[in-house]
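Naming convention: chains lettered A, B, ... in sequence-line order (proteins, then strands); numbering from 1 in each chain.
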Amino acid sequence: MIDARGQSCPIPVVMVQQEVNKNHPGELQVQVDAMVCVENISRYAASQGYAVSVKESGGEYTLTLKK
Amino acid sequence: MSKKINPLVLISGLAVGVAALLLTALGNPANMGFCIACFIRDIAGATQLHTAAPVQYFRPEIVGLVLGSTVMALATKEFKPRAGSSPATRFIVGAFVMIGALVFLGCPLRMVIRMGGGDLNAFVGLLGFFLGILIGVFFLKKDFTLKRTYEVTTTDGLALPGLLAVLFVIFLAVPALFVFSESGPGSKHAPMAVSLLVALVVGALAQKSRLCMVGGMRDAVMFKDFNLLSGFGAIFVTVLLGNVILGKFGGFSTLSQPIAHSSELWNLLGMVLVGWGSVLLGGCPLRQLILAGEGNGDSTVTVLGMLVGAAFAHNFKLAGGADSVVDGVYKVGGIGANGKAAVCIGFAVLLVISLMNCSMLKKEAN
């Protein structure tokens, strides 16, 4: 689980990119609290072959990336 | 990265380009339909934070951009008051981004508009901007961060939209409180209502599309994502074609460009400072205004840093001077010793901030 809540653009995507490059996870969860981060991470994840699902709760979002 | 381009980014780029052409046709300075750095500087002048007579006007465009963003963010439930991500550092970086922009004579948005007007000096600025972004990306890859934000009060989130709205009402009610240029760029402006209305629309579109000049290049370099860069391209193509259609395009040249200088080393270095600083801030000056409109207190502090940077740029004679013709002789403008020293100090400050906020570099040093 990557906790990127409160991080400004593009730090959340950088955090995901580093995890993907380092550990090549088959599944990864990311927490963010801004829609722009959801969009950016979803775009990056899709380009890396991940399917993305998003759950929203109280203004926070949990993205699940799966290959 | 996905090759998909969000059509809204292209539409926003097109709208910014058309808006720039329209505002210039209606009175804004040439190649300056929109310029965040220049317009914040003009507001600094109108409120006498500096006293440079040619650049004093209360630009409604800044008010419109921020309020347009606020309205769109409220309408789409994206208004989120938050702050606490190294605000003092952001203030300082914002000030140096402004100084770099005024050395070059334009923010990244005006750089693109100048490119579309045939100003080759702006292409030199583009090279510097790109180099600055590469430096910033290097530090991002070394885990650079100004740390996270936290939820803050609604009043904090509304600070900049509220401040600008109140100032604008005072400006309308008692204009004599403010100072206005009688000649120079500050004296040239489109009708107030048009400027405000156009900026409201652009601000709303920029909020929804996330349009950002630095984000375009940064994302292309880091993630091979060309989404935001497409907005950058759309502005350039729209302004270029618009100028050709309107008969205002006189070919590409470095000489006799409106409110520009051909001192290329400083065009380049000024924009290196802007590119590097903007990557550290997470967005270009336009994006900072939009984020402040969404309730981001750190961006509000950044904009206030830019305001102070603009005042310093003129009070301490750091800003670039345009090329001119004196007694029939072409005189290259540029910056004086103070401006050169300020750019060098800016690089030193950004280097210290970059190094001190990279956890990976700290680990390597230990």
Side-chain angles (χ1 to χ4, degrees), chain A, chain B residues 1-6 8-9 73 76-80 82-86 90 136-137 139-152 207-210 212 214-215 218-219 221-228 279-283 287-288 290-291 294-296 298-299 302 357 360:
Chain A
M1 168 79 83
I2 293 176
D3 183 359
R5 287 174 297 174
Q7 296 288 350
S8 305
C9 175
I11 305 297
V13 192
V14 176
M15 293 165 83
V16 173
Q17 184 188 41
Q18 287 180 348
E19 177 62 18
V20 167
N21 288 345
K22 194 176 169 188
N23 297 319
H24 310 287
E27 184 172 332
L28 180 62
Q29 284 198 320
V30 191
Q31 280 184 300
V32 294
D33 58 1
M35 183 47 76
V36 65
C37 300
V38 174
E39 295 166 2
N40 290 343
I41 292 171
S42 297
R43 290 176 61 78
Y44 174 74
S47 77
Q48 300 301 306
Y50 286 93
V52 183
S53 59
V54 185
K55 273 188 186 170
E56 194 264 340
S57 175
E60 295 188 352
Y61 306 88
T62 303
L63 290 87
T64 303
L65 283 53
K66 276 186 188 171
K67 259 194 177 167
Chain B
M1 195 76 190
S2 169
K3 296 282 187 284
K4 281 184 186 171
I5 303 291
N6 181 355
L8 193 59
V9 178
T76 56
K77 296 183 179 166
E78 286 200 70
F79 183 83
K80 280 191 175 178
R82 63 193 124 187
S85 168
S86 310
R90 288 178 186 273
V137 165
F139 288 108
L140 281 182
K141 287 186 172 176
K142 296 289 180 186
D143 278 355
F144 174 87
T145 173
L146 291 176
K147 306 299 179 201
R148 64 162 297 173
T149 58
Y150 296 89
E151 192 176 336
V152 293
Q207 193 282 327
K208 203 63 204 153
S209 66
R210 333 296 190 195
C212 176
V214 75
R218 178 201 63 208
D219 291 355
V221 170
M222 288 194 83
F223 313 118
K224 295 188 173 49
D225 178 358
F226 299 94
N227 183 48
L228 290 177
V279 170
L280 301 186
L281 292 169
R287 184 76 183 138
Q288 297 303 324
I290 301 304
L291 287 170
E294 291 176 18
N296 189 316
D298 295 321
S299 290
T302 304
N357 292 285
M360 209 180 279

Report which part of B/K147 has an atom under 4.5 Å of a heavy atom belonging to chain A: side chain, backbone, both, or neither.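 B/K147 touches chain A through backbone heavy atoms alone.
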List the atom pairs, donor and acceptor, that lie under 3.5 Å between side-chain atoms in residues 16-26 of chain A and the rest of the protein, sequence neighbours left out.
from  : atom 1 : to     : atom 2 : distance (Å)
A/Q17 : NE2    : B/M222 : O      : 3.0
A/Q18 : NE2    : B/D143 : OD1    : 3.1
A/E19 : OE1    : A/N23  : ND2    : 3.2
A/E19 : OE2    : A/N23  : ND2    : 3.0
A/N21 : ND2    : A/Q17  : O      : 3.4
A/H24 : ND1    : A/V20  : O      : 3.2
A/H24 : NE2    : A/N21  : O      : 3.3

Is [Y] close to [X] at the side-chain level, that is, under 4.5 Å between some pair of heavy atoms?
{"X": "A/S47", "Y": "B/K224", "result": "no"}
{"X": "B/E151", "Y": "A/D33", "result": "no"}
{"X": "A/M35", "Y": "B/K80", "result": "no"}
{"X": "B/D298", "Y": "A/S8", "result": "no"}

Return the [atom1] to [atom2] distance between [X] and [Y], rounded to the nearest 0.5 Å.
{"X": "B/N227", "Y": "A/N40", "atom1": "CG", "atom2": "CG", "answer": "8.5 Å"}
{"X": "A/R43", "Y": "B/D219", "atom1": "CZ", "atom2": "CG", "answer": "8.5 Å"}
{"X": "A/Q7", "Y": "B/T149", "atom1": "CD", "atom2": "OG1", "answer": "8.0 Å"}
{"X": "A/M15", "Y": "B/T145", "atom1": "CE", "atom2": "OG1", "answer": "8.0 Å"}
{"X": "A/C9", "Y": "B/R287", "atom1": "SG", "atom2": "CZ", "answer": "6.5 Å"}

Closest non-hydrogen atom pair, B/F144 against A/I11: O-CD1, 3.2 Å
Which residues from residues 50-67 of chain A are near chain B, with near meaning under 4.5 Å between non-hydrogen atoms?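 Residues A/G59, A/Y61 are the ones that qualify, each having a heavy atom under 4.5 Å from chain B.
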